[in-house]
Trainee: 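The structure under discussion is supplied below as structure tokens; questions concerning it will follow.
Computed from a prediction, not measured in an experiment: that's the story for all the values here.
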Amino acid sequence: MKYLNNCSKGRKGFLLLLLAAMLGAFWGCGSPSGKPGAGGIAISFDDHFIKEWYELRPLFQKYNAKATFFITCPDSLNAEEVAMLKQLEREGHEIGFHGTVHAKSIELMAAGGPKGYIEAELEPGLRHMIAAGFKPTSYAHPGGNHNDRVDSVLLAKGFIILRDVAISRRKYKGFQLYAWPPRWMNAIYYPFDGGQKVDALMIDYDEVNEEEITEAIREAKENGSALMVFGHEPLYSVPRNGKYGFNVSFLAVVLREAHHQGLKFYTMSELPKLQ
């Protein structure tokens with residue numbers, strides 16, 4: 001997970017956060033070079049806001065855009081939601097997997113090893129996905145929680161791309177620790193090198209502004225890379241009562257600018273196939 005945990009306590013925790021933020025300043029300076037003419041954007045969404053995502057179809061269609069929807073808790077999918085996801089899939093979108101119970105993968109792995117992790121977080125949910133007619137090949141880490149051991153199991157299970165989380169700014173007790181321009185964050189740009197472990201920039205409310213995302217989109221075009229972004233629930237006003245998600249008007253800006261710049265819209269599983 002490419003962002004800082006804001007729950008550390010005391011001076012020691014603050015110093016660790018500050019150090020991490022300082023190190024983040026050396027993360028990159030401009031996106032990596034990709035393939036000439038392949039500049040694009042890969043948009044994804046996490047969790048289980050299926051009806052809300054489905055209602056975005058007119059916006060996707062307006063810009064001929066496609067996205068990847070990472071589903072968690074697939075055991076709770078009802079017939080209406082399955083039908084919505086199948087329609088999204090028919091329209092060129094991808095249905096990915098976001099875990100059975102949205103648990104902390106590192107803790108599951110430590111407690112039960114690969115077998116316990118697979119039995120708790122992977123196999124039950126995948127059975128429900130397959131029964132519903134989906135065969136996901138992309139995986140988004142729940143909470144961005146993972147390590148190399150977790151990744152190796154996921155790749156062995158057949159996933160071709162694993163998506164982590166990146167954010168461009170972090171506050172601690174009301175103080176801004178850092179605010180890093182997305183256009184300088186190497187990790188959120190896919191250079192079409194066949195890589196299977198990637199990071200996407202979170203675009204939930206108040207994480208990135210319109211000027212920053214516009215610059216990031218133009219960076220992808222100039223360098224022939226794919227900008228990777230993601231959000232959660234579509235929102236139409238300031239989030240309240242613990243809600244988290246992205247403003248639909250902000251997504252419209254992302255789609256409009258990507259379309260204006262002539263970027264290609266990629267699903268997550270398409271990225272490692274284009275070398």
Side-chain angles (χ1 to χ4, degrees), residues 1 42-57 60 65-109 111-146 149-165 196-200 202 228-234 244-245 265-273:
M1 178 187 295
I43 303 171
S44 54
F45 304 97
D46 290 4
D47 292 346
H48 203 105
F49 303 106
I50 296 166
K51 182 178 180 180
E52 292 84 353
W53 295 333
Y54 190 78
E55 292 173 349
L56 297 176
R57 289 174 61 240
F60 293 133
K66 55 186 176 181
T68 302
F69 300 92
F70 288 106
I71 309 301
T72 193
C73 303
D75 60 307
S76 64
L77 284 171
N78 58 42
E80 182 183 18
E81 290 174 329
V82 169
M84 290 177 179
L85 290 175
K86 287 186 176 180
Q87 180 61 31
L88 288 169
E89 193 174 53
R90 283 192 292 270
E91 293 173 359
H93 302 285
E94 178 183 1
I95 309 303
F97 188 46
H98 195 39
T100 299
V101 294
H102 203 278
K104 293 182 178 179
S105 301
I106 293 175
E107 294 182 3
L108 287 177
M109 183 70 76
K115 185 174 184 294
Y117 168 63
I118 290 170
E119 291 177 349
E121 184 67 305
L122 300 184
E123 287 186 343
L126 286 173
R127 281 198 297 269
H128 286 286
M129 295 285 285
I130 293 170
F134 305 106
K135 296 181 179 180
T137 57
S138 59
Y139 185 88
H141 295 292
N145 184 271
H146 69 110
R149 196 178 184 198
V150 170
D151 291 348
S152 66
V153 171
L154 290 166
L155 293 173
K157 290 291 288 184
F159 292 103
I160 65 173
I161 191 164
L162 313 177
R163 203 218 69 208
D164 199 349
V165 174
Q196 295 179 283
K197 303 178 184 181
V198 301
D199 304 289
M202 185 159 64
M228 296 172 287
V229 301
F230 86 103
H232 292 89
E233 181 180 6
Y244 59 93
F265 288 93
Y266 295 103
T267 62
M268 293 304 296
S269 288
E270 286 178 323
L271 296 176
K273 297 176 182 178

Trainee: Might you point out which heavy atoms bring Y139 and L122 nearest each other, and give the distance in Å?
Mentor: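 That would be CE1-CD2, 4.0 Å.
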Trainee: To the nearest 0.5 Å, how far apart are OG in S138 and CZ in F159?
Mentor: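 It is 8.0 Å, given to the nearest 0.5 Å.
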Trainee: Check whether any side-chain N or O of E91 sits under 3.5 Å from a backbone N or O of L88 as a donor-acceptor pair, and report yes or no.
Mentor: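 No, E91 side chain to L88 backbone: no donor-acceptor pair under 3.5 Å.
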Trainee: By the definition side chain to side chain contact (heavy atoms under 4.5 Å, CB included), identify the one residue from L126, L108, T72 that meets it with E121.
Mentor: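 That would be L108; it is the only one of L126, L108, T72 passing the side chain to side chain contact (heavy atoms under 4.5 Å, CB included) with E121.
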Trainee: Indicate the atoms forming the closest heavy-atom contact of W53 with D47, along with that distance.
Mentor: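 Taking W53 first and D47 second, the nearest heavy atoms are CH2-O, 3.5 Å.
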Trainee: Please examine the side chains of V165 and H141, heavy atoms only from C-beta on, and report whether any two atoms are closer than 4.5 Å.
Mentor: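 No - every pair of side-chain heavy atoms lies 4.5 Å or more apart.
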Trainee: Is the closest side-chain heavy-atom distance between D46 and R163 below 4.5 Å?
Mentor: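 D46 vs R163: side chains touch.
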Trainee: In chain order, what residues pass the side-chain hydrogen bond (donor to acceptor under 3.5 Å, both in side chains) check against E119, with sequence neighbours excluded?
Mentor: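 Scan of E119 (side-chain hydrogen bond (donor to acceptor under 3.5 Å, both in side chains), adjacent residues dropped) gives K115.
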Trainee: Minimum heavy-atom separation for A120 to T100, with atom names?
Mentor: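 Taking every non-hydrogen atom into account, O-CB, 3.7 Å.
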Trainee: Taking only residues two or more places apart in sequence or in another chain, which ones pass side-chain hydrogen bond (donor to acceptor under 3.5 Å, both in side chains) with T137?
Mentor: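 T137 satisfies side-chain hydrogen bond (donor to acceptor under 3.5 Å, both in side chains) with S269 once adjacent residues are dropped.
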Trainee: Strictly distance-based, threshold 3.5 Å: is any side-chain N or O of T68 a donor or acceptor partner for the main-chain N or O of M268?
Mentor: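 The answer is yes, because a donor-acceptor pair under 3.5 Å joins these two groups.
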Trainee: For the CZ atom of R57 and the CZ atom of F60, what is their distance to the nearest 0.5 Å?
Mentor: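 Here the interatomic distance stands at 10.5 Å.
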Trainee: Taking the side chain as everything from C-beta on, heavy atoms only, tell me whether V150 gets closer than 4.5 Å to L162.
Mentor: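 No, side chains not in contact.
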Trainee: With a 4.5 Å limit on heavy-atom distance, are the side chains of I161 and L271 in contact?
Mentor: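 Answer yes - side chains close enough.
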Trainee: Using side chain to side chain contact (heavy atoms under 4.5 Å, CB included), reason through L155 and Q196 one step at a time and then give a plain yes or no.
Mentor: CA-CA 8 Å; L155 293 173; Q196 295 179 283; 3.8 Å; yes
Trainee: Do the side chain of K86 and the main chain of A132 share a donor and acceptor less than 3.5 angstrom apart?
Mentor: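 Side chain of K86 to backbone of A132: a pair is present.
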Trainee: Of all heavy-atom pairs between P234 and L56, which one has the smallest distance, and what is that distance?
Mentor: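 Looks like CG-CD1, 3.8 Å.
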Trainee: What is the distance from atom CG of D164 to atom CE of M228, rounded to the nearest 0.5 Å?
Mentor: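 If I round to the nearest 0.5 Å, the distance is 10.5 Å.
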Trainee: Taking N145 for the side chain and I106 for the main chain, is one N or O donor matched with an acceptor at less than 3.5 Å?
Mentor: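 Checking the backbone N and O of I106 against the side chain of N145, a donor-acceptor pair under 3.5 Å is found.
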Trainee: Indicate the atoms forming the closest heavy-atom contact of M109 with P114, along with that distance.
Mentor: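 Between these two residues, the closest heavy atoms are SD-N, 3.4 Å.
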Trainee: Measure the spacing between CD of E52 and CZ of F45 and express it to the nearest 0.5 Å.
Mentor: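 These two atoms lie 12.5 Å from each other.
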Trainee: For F230, give me all partners under ring-ring contact (aromatic ring centres under 6.0 Å, His included), at least two apart in sequence or on another chain.
Mentor: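 F230 satisfies ring-ring contact (aromatic ring centres under 6.0 Å, His included) with H232 only.
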Trainee: Just jot down the side-chain hydrogen bond (donor to acceptor under 3.5 Å, both in side chains) partners of H93, sequence neighbours excluded, or say none.
Mentor: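 Result, side-chain hydrogen bond (donor to acceptor under 3.5 Å, both in side chains) vs H93: none returned.
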Trainee: Looking at every non-hydrogen atom in both residues, tell me the closest pair between A103 and P142 and how far apart they are.
Mentor: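 Where A103 meets P142 most closely, the heavy atoms are O-CB, 3.7 Å.
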Trainee: Measure the spacing between CG of D75 and NE2 of H128 and express it to the nearest 0.5 Å.
Mentor: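 Taking CG in D75 and NE2 in H128, the distance rounds to 5.0 Å.
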Trainee: Go through the structure and list residues passing salt bridge (Lys or Arg N to Asp or Glu O under 4.0 Å) with D151, not counting sequence neighbours.
Mentor: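 Only K197 meet the salt bridge (Lys or Arg N to Asp or Glu O under 4.0 Å) criterion with D151.
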Trainee: Side chain to side chain contact (heavy atoms under 4.5 Å, CB included) between Q87 and R90: does it pass, once the steps are laid out?
Mentor: CA-CA 5 Å; Q87 180 61 31; R90 283 192 292 270; 2.7 Å; yes
Trainee: Take E81 and H48 through the side chain to side chain contact (heavy atoms under 4.5 Å, CB included) test and state the conclusion after the steps.
Mentor: CA-CA 10 Å; E81 290 174 329; H48 203 105; 3.3 Å; yes
Trainee: For K66, give me all partners under side-chain hydrogen bond (donor to acceptor under 3.5 Å, both in side chains), at least two apart in sequence or on another chain.
Mentor: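 Counting only residues at least two positions away or on another chain, K66 forms a side-chain hydrogen bond (donor to acceptor under 3.5 Å, both in side chains) with E270.
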Trainee: So, do E80 and I50 sit near enough that their side-chain heavy atoms are less than 4.5 Å apart?
Mentor: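 No, side chains not in contact.
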